[in-house]
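Chain letters run A, B, ... following the sequence lines, proteins first and then strands; every chain starts at 1.
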Amino acid sequence: MNKYNPQEIEPKWQGVWEKTPDLYKAVDFDKKPKHYVMFEFNYPSGVGLHVGHLRGQTICDIIARQKRMAGYNVLFPIGWDAFGLPVENFAIKNKMHPAIASAQNITNFVKQEKSLGYSVDWSREIDTTDPKYYKWTQWLFLRFFEHGLAYKKKMPINWCPSCKIGLANEEVIDGKCERCGTESSKKGMEQWMLKITAYADKLLEGLKHVDYPERVKLAQENWIGRSEGTSIKFQITNNKLQTNSKSQNSNDKKYVEVFTTRVDTLYGCTYIVLAPESQYTEELKNHISNTEKVEKYINETKKKSNIERMVEEKEKTGVKLEGIIAVNPINGREIEIWVADYVIADYGTGAVMAVPAHDDRDFAFAKKYGIEIIQSIAPIVTYQKTPPVEGLKYEERNMVEVIVYDPKKDKYLCLKWKKQPWTTFITGGIEEGEDPIQSAEREITEETGYKNFKLKKVLGKTRAIFHAAHKNVNRIANANGLFFELLNDERETVADEENAIHEVVWVDRDELTTDNIVCASLDYWLREIDDKGIAFTDYGILVNSGEFNGLTSEEGKKKITEKLKSEGLGDFVVNYKMRDWIFSRQHYWGEPIPIVNCEKDGLVPVPEDQLPVLLPDVENYEPTDTGESPLAAITDWVNTTCPKCGGPAKRETDTMPNWAGSSWYFLRYIDPKNDKVFADFEKLKYWMPVDIYEGGMEHTTLHLLYSRFWNEFFYDIGLVPTKEPYAKRIAHGIILAEDGKKMSKSLGNVINPTDLIEKYGADATRAYEMFIGPFDQQVAWDSKGIEGVSRFLNKVWNLGMEIAERTENADSQKLLTQSFEIGETELEVATHKTIKKFNEALEGFRYNTLISTLMEFTNYLQTKKDLLYTYPQPYLILILLLSPICPHIAEEIWQSFGNEESIFSGKYSWPRHDPEKIKEDFVSIIIQENGKLRGNIDVPADSDESAVLEICKNSPKFTSLPDGAKKVVYVKNRLINFVK
RNA sequence: GGUCUAGUGGCGGAAUUGGUAUACGCGCAGCACUUAAAAUGCUGUUUGCCGAAAGGCGAUUGUGGGUUCGAGUCCCACCUAGACCACCA
């Protein structure tokens with residue numbers, strides 16, 4: 001008997017499959033149902049394939065192979081995303097043309113991919129750097145230009161000083177360049193932009209109609225960052241009364257517009273803040289008395305890189321604009337204007353209203369610079385010790401809670417109640433015509449007799465909700481916290497009726513706890529007394545807010561915005577965190593942007609018949625120090641004629657980012673050789689959308705979002721047939737090294753797929769990649785684990801060889817249709833159960849359990865070897881189930897059974913279980929007492945409760961169990977539970 | 001700081017989606033085969049107590065509560081780890 005030798009059989013079958021071109025071919029317009037499965041194409045770096053790549057790719061191959069066997073016309077393509085920096089850097093370092101470096105890398109990748117035995121349709125292979133491909137990338141870019149979605153703008157961009165390249169926000173990770181890790185800084189440059197923000201709502205809406213993992217949807221939603229709020233205009237005027245008479249006419253008023261999601265806090269706004277880079281700062285700095293100081297601050301901010309701005313999160317800085325003030329439009333209050341770098345220039349309007357009482361950042365800033373803090377939202381506190389009782393009516397009351405401190409005693413004045421087990425602060429209702437302070441002063445004397453005290457601090461307002469037991473009502477107490485200091489011990493006599501209710505006690509500071517003092521708002525008051533106040537950022541009840549007092553935050557937002565709107569000083573608006581996509585790169589190795597700059601006609605698109613705009617050969621691929629692309633140095637390429645007027649013009653020298661080619665490659669796979677259009681519409685209609693798109697989590701907010709944007713735009717202009725490009729997205733978790741750290745060259749913990757294939761074979765490698773754990777979770781590599789899988793394949797092989805030797809050569813298809821004549825029901829049932837389990841795991845994307853299901857089945861078959869010599873069907877089914885995962889071994893075994901056609905030829909259909917076959921006459925059900933396991937018992941399938949009860953009583957072990965049961969829970973074919 | 005995901009034996013993990021927790025694999029131990037080893041096969045392997053054994057009784061899915069006849073699974077709070085975002089007003 002020959003031994004399992006993957007090193008021999010794997011290259012053999014790869015060769016045979018390659019010579020059978022129709023085996024894995026996707027057929028356009030085939031009558032079979034289509035299935036389009038795709039993994040993210042590789043960036044052909046010099047390092048080669050990574051075990052992480054195999055995870056997703058193997059899943060796709062399993063799907064592709066299984067779907068073909070199940071009767072689908074499968075499109076499973078491969079391609080290369082080969083433009084971009086790593087190849088360019090590699091080429092510069094090795095002094096070679098990036099195209100040559102790229103071709104070398106691709107050759108290497110192809111070899112690796114082929115050694116894994118993937119069933120890709122190689123006739124559809126694409127390469128984004130092929131002019132036949134990037135012609136259409138350029139053509140599609142011009143559609144964006146044509147519709148005003150590609151535009152040029154001078155803007156401060158994230159700049160990587162090392163790569164000498166502008167970075168999109170998405171490429172800046174922790175303030176550093178995504179590729180090289182250098183700290184990014186800001187630089188003002190003319191950039192090509194794609195208006196992805198115009199599709200923000202469509203991209204959000206589209207998520208509702210696709211099957212993506214919830215975390216992917218969430219990440220995209222958060223990235224788009226839609227927030228509904230209000231824009232508010234703050235009028236800016238001169239601080240002094242003698243304003244310039246010219247600017248007095250109303251059309252000439254200056255405004256700063258801000259965006260807020262918390263307009264309900266507007267009455268608490270005590271200053272506004274402008275971003276240093278904002279246009280407002282630019283305009284206003286010349287109208288103030290401390291221009292120099294402000295300019296100095298702006299320059300300092302510019303010098304700071306992103307990372308510094310982030311590290312300094314704790315310490316906020318800013319400069320006040322002297323000589324001008326802003327007017328709060330809701331109450332006419334005059335407030336300060338500051339410039340501070342905690343406000344971002346390119347979100348919202350680049351200016352914010354600051355409400356220190358209700359925003360953490362504003363609070364920290366106001367504390368540092370001594371700016372007034374005004375409460376405008378009262379927290380709603382439910383008193384947990386006596387929460388409101390359902391059904392009782394609510395009574396609202398305005399009241400004071402007074403805390404009196406005696407510095408001589410170093411104690412706090414409280415009242416101990418006589419009829420209730422309470423100690424409280426001095427508290428009472430606010431009477432008609434009183435303000436809270438007067439009310440507090442009155443209550444102190446009435447209840448304690450003390451006469452001489454002074455107000456130290458207003459602690460603020462809360463709304464406390466509790467059940468007032470002595471009156472049996474639910475109380476809504478609008479509480480005013482007030483803090484007094486006792487000046488001396490002089491007292492009046494306290495009225496008898498007060499004395500009858502409570503007595504005065506003095507309490508230490510550390511005894512003021514929720515255990516000792518009955519006070520719903522205690523924490524708030526103490527925080528203020530200790531001067532450890534924090535911003536209250538939750539929703540609550542509007543206070544100190546004029547006509548809006550008493551509204552909830554939600555109501556307040558609506559009402560205040562409406563009022564502002566009616567006065568032309570504000571409106572409801574929607575803002576997004578997502579910015580437009582910076583689409584130009586100052587590099588060589590990318591698609592040239594097909595635009596010509598004419599002095600007369602401005603930006604003119606290169607006509608379609610002149611596409612592609614080919615990358616010219618250059619001497620030097622390094623970016624220039626000015627930040628211009630190396631293309632700028634080739635004057636005879638740059639200088640051209642205007643396609644419109646024929647006059648002298650210059651070519652655009654920026655190239656497109658790496659993301660361009662990958663934004664539409666799923667369309668090109670469908671029609672990769674077309675030189676008339678980017679893809680034939682009828683073919684797109686047949687194949688789109690991609691049924692399953694496998695890729696990494698790291699592309700969620702980059703490539704995945706970008707390509708959805710491209711496709712949605714193409715749909716809108718009638719180029720593609722589906723709104724969304726991908727019906728289902730699956731994302732694999734990363735594979736860590738055995739030490740649990742990320743695999744990296746420097747740590748020396750990299751597992752190389754080629755080594756694995758040499759040692760264990762492609763089949764074992766593929767199977768272990770699946771067996772390692774749930775595919776969407778991150779896992780650590782285990783070199784012992786792959787040995788286990790390899791052993792399993794050996795078992796399958798040895799078992800197969802034994803059976804094949806004893807089986808007459810026969811067509812397996814015939815064998816499979818034969819039934820188990822001797823009624824070997826156990827074997828038959830086990831086989832059908834395995835098929836069921838396997839198919840369910842496959843449909844549920846639980847690839848790790850696929851392997852364990854087959855392991856169990858193999859272990860079982862080994863115990864039934866003798867029967868298999870006569871009835872090899874179960875073993876053949878095992879091989880069919882194994883074949884998508886481990887195609888080589890399956891094919892070899894298949895042929896040793898005398899089959900002349902490939903197991904993947906389409907002749908052998910995918911196993912389906914027969915529900916009739918797994919129906920059993922008896923089922924084992926669980927016996928429980930109060931939910932605790934007491935044993936199990938075999939009963940006829942589908943028995944009803946009374947029958948099971950009878951069986952139970954007749955079984956000596958459980959005979960007395962039903963006695964005294966209050967209730968019997970019976971779940972058919974599963975359990976019976978006696979509740980006592 | 002925010003959002004999300006996860007926490008089950010010595011380890012990777014399984015659990016029909018609320019119904020016999022610890023499948024499968026790794027590791028470990030023992031046995032068989034062998035002069036020997038490798039390979040292979042078989043047996044055992046969550047844990048405490050009782051028992052010579054067959055077996056029996058109990059505990060157990062990060063911690064603490066809750067819902068339920070019944071919770072690894074659902075709800076609340078906390079702890080821990082990871083991922084993504086991060087001064088987004």
Side-chain angles (χ1 to χ4, degrees), chain A residues 3 173-175 213-219 221-223 225 227 229 258-263 265 272-273 275 309-310 312-314 316 340-344 346-355 358-362 364-365 537 575-579 697-698 700-701 733-734 736 740 768 771-774 776-789 791-792 794-795 798 836-837 840-841 844 846 848-859 862 924-936 965-971 973-980:
Chain A
K3 260 181 76 185
I173 310 294
D174 289 337
E214 215 40 50
R215 60 193 171 132
V216 170
K217 285 192 185 183
L218 259 160
E221 276 163 21
N222 291 341
W223 187 264
S227 53
V258 306
F259 171 74
T260 179
T261 54
R262 289 300 303 273
V263 72
T265 66
I272 63 173
V273 194
R309 273 173 85 162
M310 258 165 28
E312 283 173 25
E313 205 175 319
K314 298 149 214 148
K316 295 208 167 10
D341 66 4
Y342 78 90
V343 173
I344 301 167
D346 55 359
Y347 179 75
T349 61
V352 305
M353 69 176 213
V355 185
H358 304 296
D359 180 279
D360 292 325
R361 295 150 302 181
D362 298 340
F365 193 81
T537 56
N575 250 301
Y576 302 93
K577 274 192 208 174
M578 185 169 67
R579 320 291 151 86
M697 273 308 281
E698 69 274 21
T700 301
T701 51
I734 54 170
L736 302 171
Y768 180 60
F771 187 62
I772 191 167
D776 55 351
Q777 271 167 45
Q778 104 174 10
V779 286
W781 189 263
D782 179 5
S783 50
K784 290 283 185 193
I786 191 169
E787 282 178 24
V789 172
R791 256 174 246 166
F792 156 68
N794 256 305
K795 275 191 212 174
N798 292 336
K836 180 168 185 268
K837 208 169 160 192
E840 279 169 1
R846 295 188 301 271
N848 49 334
T849 63
L850 285 184
I851 313 286
S852 49
T853 302
L854 295 184
M855 283 174 170
E856 269 177 277
F857 191 47
T858 306
N859 291 343
Q862 232 157 2
S924 169
I925 70 159
I926 312 157
I927 314 291
Q928 289 182 331
E929 184 181 2
N930 290 328
K932 280 198 187 250
L933 184 69
R934 287 290 172 255
N936 51 32
K966 271 187 271 173
K967 189 177 158 190
V968 178
V969 180
Y970 176 67
V971 182
N973 295 339
R974 195 143 278 167
L975 63 88
I976 187 158
N977 185 12
F978 300 101
V979 186
K980 292 183 174 170

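Not a single donor-acceptor pair under 3.5 Å links the side chain of A/Tyr768 to the backbone N or O of A/Trp781.
At B/A15, one or more side-chain N or O atoms of A/Arg846 fall inside 4.0 Å of OP1 or OP2 (strictly under the cut-off). Listed pair A/Tyr347 / B/A89 meets the phosphate criterion, a side-chain N or O lying under 4.0 Å from OP1 or OP2. Phosphate proximity of B/G25 to A/Asn859: present, with a side-chain N or O under 4.0 Å from OP1 or OP2. Listed pair A/Arg791 / B/G27 meets the phosphate criterion, a side-chain N or O lying under 4.0 Å from OP1 or OP2. Put simply, A/Lys577 has no side-chain N or O that comes within less than 4.0 Å of OP1 or OP2 on B/C87.
A/Leu975 comes within contact range of at least one nucleobase, with a heavy-atom separation under 4.0 Å. Counting any heavy atom pair closer than 4.0 Å across all strands shown, A/Asp360 reaches no nucleic acid atom. Using a 4.0 Å heavy-atom cutoff across all strands shown, A/Val969 reaches at least one base atom of the nucleic acid. Across all strands, A/Ile851 comes closer than 4.0 Å to no nucleic acid atom at all (heavy-atom distances).
Rounded to the nearest Å, the gap between the P atom of B/C79 and that of B/G64 is 15 Å. Here, B/U61 and B/A37 have their P atoms 43 Å apart, quoted to the whole Å. When the P atom is compared between B/C26 and B/U5, the two are found 33 Å apart, to the nearest whole Å. Between the P atoms of B/A32 and B/A38, the separation comes to 15 Å (whole Å). With P as the reference atom, B/A14 and B/U67 are 31 Å apart, rounded to whole Å. Nucleotides B/A59 and B/A21, compared at atom C1', are 13 Å apart to the nearest Å. On the C1' atoms, B/A86 is 36 Å away from B/U17, given to the nearest whole Å. Of the C1' atoms belonging to B/G62 and B/G58, the separation is 22 Å, rounded to the nearest Å.
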### Query
Can A/Asp362 and A/Tyr342 be said to form a side chain to side chain donor-acceptor pair (under 3.5 Å), step by step?
CA-CA 9 Å; A/Asp362 298 340; A/Tyr342 78 90; 2.7 Å; yes
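Between the CG atom of A/Asp776 and the P atom of B/G82 there is a distance of 19 Å, given to the nearest Å.
The two residues A/Phe978 and A/Val968 come nearest to each other via the heavy atoms CD2-CG2, 3.8 Å. Residue A/Asn973 comes nearest to A/Ile925 through the heavy atom pair C-CG2, 3.6 Å, listed as atom of the first residue, atom of the second, then distance.
Across every strand in view, B/C84 sits in a pair with B/G2 that passes the Watson-Crick or G-U test at under 3.5 angstrom.
In summary, A/Arg262 and A/Asp359 do not engage in a salt bridge, as defined by a charged side-chain N under 4.0 Å from a carboxylate O.
Side-chain contact check for A/Asn859 and A/Lys795: at least one donor-acceptor pair (N or O, by modelled atom type) lies under 3.5 Å.
Residue-to-nucleotide proximity on RNA chain B shows that, of A/Ala219 and A/Lys837, the 5′-proximal contact is made by A/Lys837. If A/Asn930 and A/Thr853 are placed on RNA chain B by their nearest nucleotide, the residue sitting closer to the 5' end is A/Thr853.
Side-chain atoms of A/Lys316 come within donor-acceptor range of the base of B/C87, with a qualifying N/O pair under 3.5 Å. Remark: the A/Gln862 side chain and the B/G41 base include no donor-acceptor N/O pair separated by less than 3.5 Å.
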